A.B. asks: 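Take this structure, written in structure tokens, and hold onto it; I'll ask about it next.
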2 protein chains.
Amino acid sequence: MARKPAVDPLLLGNQICFAVYSTAHAFNRFYKPLLDKLGLTYPQYLVMMVLWERDGVPVKDIGEKLFLDSGTLTPLLKRMEATGLIKRTRSTQDERQVLIALTPHGHALREKARAVPEAMLASSACSVGELFAMKNELEALRDKLNAALGE
Amino acid sequence: MARKPAVDPLLLGNQICFAVYSTAHAFNRFYKPLLDKLGLTYPQYLVMMVLWERDGVPVKDIGEKLFLDSGTLTPLLKRMEATGLIKRTRSTQDERQVLIALTPHGHALREKARAVPEAMLASSACSVGELFAMKNELEALRDKLNAALGE
DNA sequence: CACAATTAGATTGCGCACAATAGAAAAGAT
DNA sequence: ATCTTTTCTATTGTGCGCAATCTAATTGTG
């Protein structure tokens, strides 16, 4: 009768953080060939989803939705501007803000992008309902961890 | 009677990949102050967990457990050697392999590391059972996505 | 109005991730 | 035993992420 069975919290196989980490990388690898066709990286795909939902937003808003700061977004958005997906223009109302707007090409990419979640759903062997439930549980955990940082 | 309600698969809020991605970053940010005390980054913490479980393993084995390749691990392990956590020695049986072994300091760090999953559990507002269930679901999804890459 | 405090982005530096490539060693084939 | 193929690690280059710092613009206060 072992005292400490397989419940040691320091075993890799018992770590939820590693399950999340390794699943995030698996998504990245799975999406890469699909996103290559669109000329997007995964974080750029996230930015595009923000913009498809609401266009012409300041960098700050994108950062809040994606949990990313200017150190990440500034160079990323410059690369996206260089590839012709977006345009960066400084706001006239508030000269501190840089507004991000889709180009026609960026807008048009939305239809092609539908193949991405479709392929994931097909390969996941999960129902939409199961994935939706996981999504909600993950978001709840994420929000708890983020909340714990602000004490 | 909307045809397409809030189920558009291209909305950020409906993306399980983003839930996974943003939760992974939340873990990283949550762990950072804890791991700073141990002198570890998060990927280095993962390597330590592999080594605490089984010491003196080749780089390849670490890579398979963590789903990382030599391009990531070689410089990471060199940094860990520089900070005195591990030792890298080329195998005499197979000169291609580099074996990774813990230093006494690396071994001793295990006890301090117990605070990390403890703090996560306390802030997660989840039971061990709930987290374990999520872990298993994520691993299943991860394995499906990885399997889909090998066709 | 002047002036301190806050806010939005940009910049620098470091550490992952990963594709692509290279090189040395081992294993397999003839 | 030679030659090919495979395996293991290292290297290079690109793109995130994030802490820390900086600058300029706006807001708040007296």
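Computed from a prediction, not measured in an experiment: that's the story for all the values here. The sequence lines fix the lettering, A, B, ..., with proteins before strands; numbering per chain opens at 1.
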A.B. asks: Any base atoms under 4.0 Å from A/Leu68, or only sugar-phosphate, or nothing? Heavy atoms, all strands.
C.D. replies: sugar-phosphate

A.B. asks: Under 4.0 Å between a side-chain N/O of A/Arg88 and OP1 or OP2 of C/dA10, yes or no?
C.D. replies: yes

A.B. asks: Starting at OH of A/Tyr21 and ending at P of C/dG15, how long is that distance when rounded to a whole Å?
C.D. replies: 15 Å

A.B. asks: At under 4.0 Å between heavy atoms, what does B/Pro75 touch on the DNA or RNA strands: base, sugar-phosphate, or nothing?
C.D. replies: nothing

A.B. asks: Under 4.0 Å between a side-chain N or O of B/Gln97 and OP1 or OP2 of C/dA26?
C.D. replies: no

A.B. asks: Rounded to the nearest Å, what distance is computed from the CG atom of residue B/Leu76 to the P atom of nucleotide C/dC18?
C.D. replies: 12 Å

A.B. asks: Would you indicate which nucleotide in D/dG15, C/dA17, C/dT11 comes nearest to any side-chain atom of B/Thr72?
C.D. replies: C/dA17

A.B. asks: Between the side-chain atoms of A/Ser70 and the base atoms of C/dA8, is any donor-acceptor pair under 3.5 Å?
C.D. replies: no

A.B. asks: Tell me which of B/Lys60 and A/Thr92 sits closer to the 5' end of DNA chain D, going by the nucleotide each one is nearest to.
C.D. replies: B/Lys60

A.B. asks: I need the CD-P distance between A/Glu95 and C/dA8, as an integer number of Å.
C.D. replies: 15 Å

A.B. asks: Starting from P on D/dC18, measure out to CZ on B/Phe30 and report it in whole angstrom.
C.D. replies: 16 Å

A.B. asks: Is B/Lys32 close to B/Tyr42 at the side-chain level, that is, under 4.5 Å between some pair of heavy atoms?
C.D. replies: no

A.B. asks: Considering only heavy atoms from C-beta outward, does the side chain of A/Val47 approach that of A/Leu66 to under 4.5 Å?
C.D. replies: yes

A.B. asks: Would B/Arg114 and A/Asp8 pass as an ion pair if we require N to O under 4.0 Å?
C.D. replies: yes

A.B. asks: Given atom CZ of B/Arg90 and atom P of D/dT7, what is their separation to the nearest angstrom?
C.D. replies: 18 Å

A.B. asks: B/Gln93 side chain N/O closer than 4.0 Å to the phosphate oxygens (OP1, OP2) of C/dA25?
C.D. replies: no

A.B. asks: Expressed as a whole number of angstroms, how long is the span from B/Arg29:CZ to D/dA19:P?
C.D. replies: 8 Å

A.B. asks: For A/Arg96 and for B/Ser91, locate the closest nucleotide of DNA chain C by heavy-atom distance; then report the residue assigned to the nucleotide nearer the 5' terminus.
C.D. replies: A/Arg96

A.B. asks: Within a strict 4.5 Å, meaning less than it, do heavy atoms of the A/Leu35 and A/Leu38 side chains meet?
C.D. replies: yes

A.B. asks: Checking all strands, does A/Glu64 fall into the base, sugar-phosphate, or nothing category for heavy-atom contacts under 4.0 angstrom?
C.D. replies: nothing

A.B. asks: Could you check whether atom CZ of B/Phe67 has more than 12 heavy atoms from other residues, nucleotides or ligands sitting under 6.0 Å from it?
C.D. replies: yes

A.B. asks: Can you tell me the distance, in whole Å, between the CG atom of A/Leu73 and the P atom of D/dC18?
C.D. replies: 10 Å

A.B. asks: Rounded to whole angstrom units, what separation is found between the CE atom of B/Met80 and the C1' atom of C/dC16?
C.D. replies: 13 Å

A.B. asks: Name the residue closer to the 5' end of DNA chain C, choosing between A/Ala26 and A/Leu77 according to the nucleotide with the nearest heavy atom.
C.D. replies: A/Leu77

A.B. asks: So which nucleotide from D/dG15, C/dC16, D/dT26 ends up closest to the side chain of A/Asp94?
C.D. replies: D/dT26

A.B. asks: I'd like to know if A/Lys65 and A/Asp61 make a salt bridge, using a cut-off of under 4.0 Å between side-chain N and carboxylate O.
C.D. replies: no

A.B. asks: Counting side-chain heavy atoms from C-beta on, which of D/dT11, C/dC16, C/dA19 comes nearest to B/Lys78?
C.D. replies: D/dT11

A.B. asks: Look at A/Thr74 and C/dT11 and indicate whether a side-chain polar atom (N or O) is within less than 4.0 Å of OP1 or OP2.
C.D. replies: no

